[in-house]
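So that the names make sense, note that chain A is the first sequence line, chain B the second, and so on, each numbered from 1. These numbers were taken from a predicted model, which means no experiment stands behind them.
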Amino acid sequence: MPWPAAPDLLAPLAPWFGRVRRDLPWRATDLDAPHPDPYAVLVSELMLQQTQVATVVPYFNRWLARFPTPQALAEADEDTVHKAWEGLGYYRRARFLKAAAVSVAAEGWPGDLEGLAQLPGLGPYTAAAVGAIAFQWPAPALDGNAFRVLARLLLIEGDPKIRAADLRTWLAPALEAHGPSRLTQAIMELGATVCAPTPACGACPLADACAARQAERTGEIPPAGKRAKPKESAIWLVAMEAEGYLLLHAPATSGLLAGLWRWPTIEASELASQTPAPGLVPMLAWPGWTQVYTHRREAVSPLHLRLGTRFQAAEGLRWIPAADLSALPLGQRDQRLRDLLATPGQTPLEAPDPAALIRACATLLG
DNA sequence: AACTCGTGGGG
DNA sequence: TCCCCAAGAGT
């Protein structure tokens, strides 16, 4: 790898970061010392996986107020943990973080990078980031920002992740020279604010040294990733209400929205075929919306059905007192129906005779 | 080694 | 509207 020496090439990043660095709630004042609260670094890094800084900040602040130490988090029950993560997405991160806190509370912090990487939810990037930012270990942390910055700086053709091992070897001496915490955060800050997918080279401290800029190829380096087409589906999202209770699915242990409570769903085609009077269905529904996930697009038709009495719910379904609903962790889709139920003036039209529809849903759900 | 896992912001 | 991407990890 005929790359210029990293300590020299990256030297401008240190004074640049000292000037422009954002004041983030998990960021230490003294970047030359070990971080005063490694737990804060761990929380921030789990929250920041595939999630932008601006989104994380309010969650981070609430999280540390609610769970100030690994011990406090280790003792929290799963619904409480998921409630604090509600809306942030990728919910298994919350379970990984709690499991990591259990380990730290019981055995203390690992003493090396391999130990960090064994904590649940910490892969190659996050283990190195916590090692560098919390403990000042010279561990190269390569995230999407770092790969983009270094691919352009060094004019790496193709997917830079293929060169991860070379890049770590190349970067390590620069971490020693400029400080692991400082340089790690400076590279990512540059990628997030200047060397973004659409770069602002005029503001870049590395512009003079950047090989991609000299070649006028920043627009094509790194190449865009390939993405699979999202799967399409259409569902009814069903709020059944009886005797002041609402019917919810208890949290699943795996799959989409695992760990969260969910409204029962019925595949749209299924309900249409089973309802004796399909023409009644739209009259009981609110206008729907499209729920977007990374690999799915879901046409959601919200449905509110009032029953006179509860029925024996199927396995995994629970009748929840309506007053308790706000304490349960829900995903964005299910929060939206919860909000519809609680909003006056949003009541859908009543069907002339919804009994057939209710029987159909009860058959499908219980 | 593809595939899965949420949600929000920006062009 | 659509596509890309975001301080990725686990399977």
Atom pair distance, as rounded to whole Å: [atom1] in [X] and [atom2] in [N]:
X      : N      : atom1 : atom2 : result
A:H82  : B:dT7  : NE2   : P     : 12 Å
A:E298 : B:dC5  : CD    : C1'   : 14 Å
A:K161 : B:dA2  : NZ    : P     : 14 Å
A:L88  : B:dC5  : CG    : P     : 17 Å
A:L116 : C:dA9  : CG    : P     : 12 Å
A:L48  : B:dG8  : CG    : P     : 16 Å
A:M47  : C:dG8  : CE    : C1'   : 16 Å
A:Q52  : B:dG11 : CD    : P     : 11 Å

Say you pick atom [atom1] in [N] and the same atom in [M]; how far apart are they, in whole Å?
N     : M      : atom1 : result
C:dA9 : B:dG8  : P     : 23 Å
B:dC5 : C:dC5  : C1'   : 16 Å
B:dG6 : C:dT11 : P     : 14 Å

Taking 4.0 angstrom as the limit, do [X] and [Y] come out as a salt bridge?
X      : Y      : result
A:D166 : A:R163 : yes
A:E157 : A:R217 : yes
A:K83  : A:E78  : no

(request) May I ask you to check whether A:Y59 and A:W85 place their ring centers less than 6.0 Å from one another? (result) no
(message) Are A:F67 and A:W63, when compared by the centres of their aromatic rings, separated by less than 6.0 Å?
(response) yes
Do the side-chain N or O atoms of [X] get closer than 4.0 angstrom to the phosphate oxygens (OP1, OP2) of [N]?
X      : N     : answer
A:Q50  : C:dG8 : yes
A:R333 : B:dG6 : no
A:R296 : B:dC5 : yes
A:T126 : C:dA9 : yes
A:Q49  : B:dG6 : no
A:Y91  : B:dT7 : yes
A:K231 : B:dT4 : yes

(request) State, without any angle test, whether A:E45 and A:Y125 hold a side-chain donor-acceptor pair at a distance under 3.5 Å. (result) yes
Within the structure shown, what part of the strands sits under 4.0 Å from [X] by heavy-atom distance: base, sugar-phosphate, or nothing?
X      : result
A:A146 : nothing
A:A224 : sugar-phosphate
A:E86  : nothing
A:G225 : sugar-phosphate
A:R336 : nothing
A:L260 : nothing

If you go through the side-chain atoms of [X], does one of them form a donor-acceptor pair with the base of [N] closer than 3.5 Å?
X      : N      : answer
A:T198 : B:dG10 : no
A:R93  : C:dA9  : no
A:T294 : B:dG6  : yes

(message) Exactly one of A:I266, A:L247, A:T265, A:L337 should register a side-chain contact (heavy atoms from CB on, under 4.5 Å) with A:V238. Which one does?
(response) A:I266
(request) Map A:A228 and A:L257 onto DNA chain B by nearest heavy atom, then report which one ends up closer to the 5' terminus. (result) A:A228
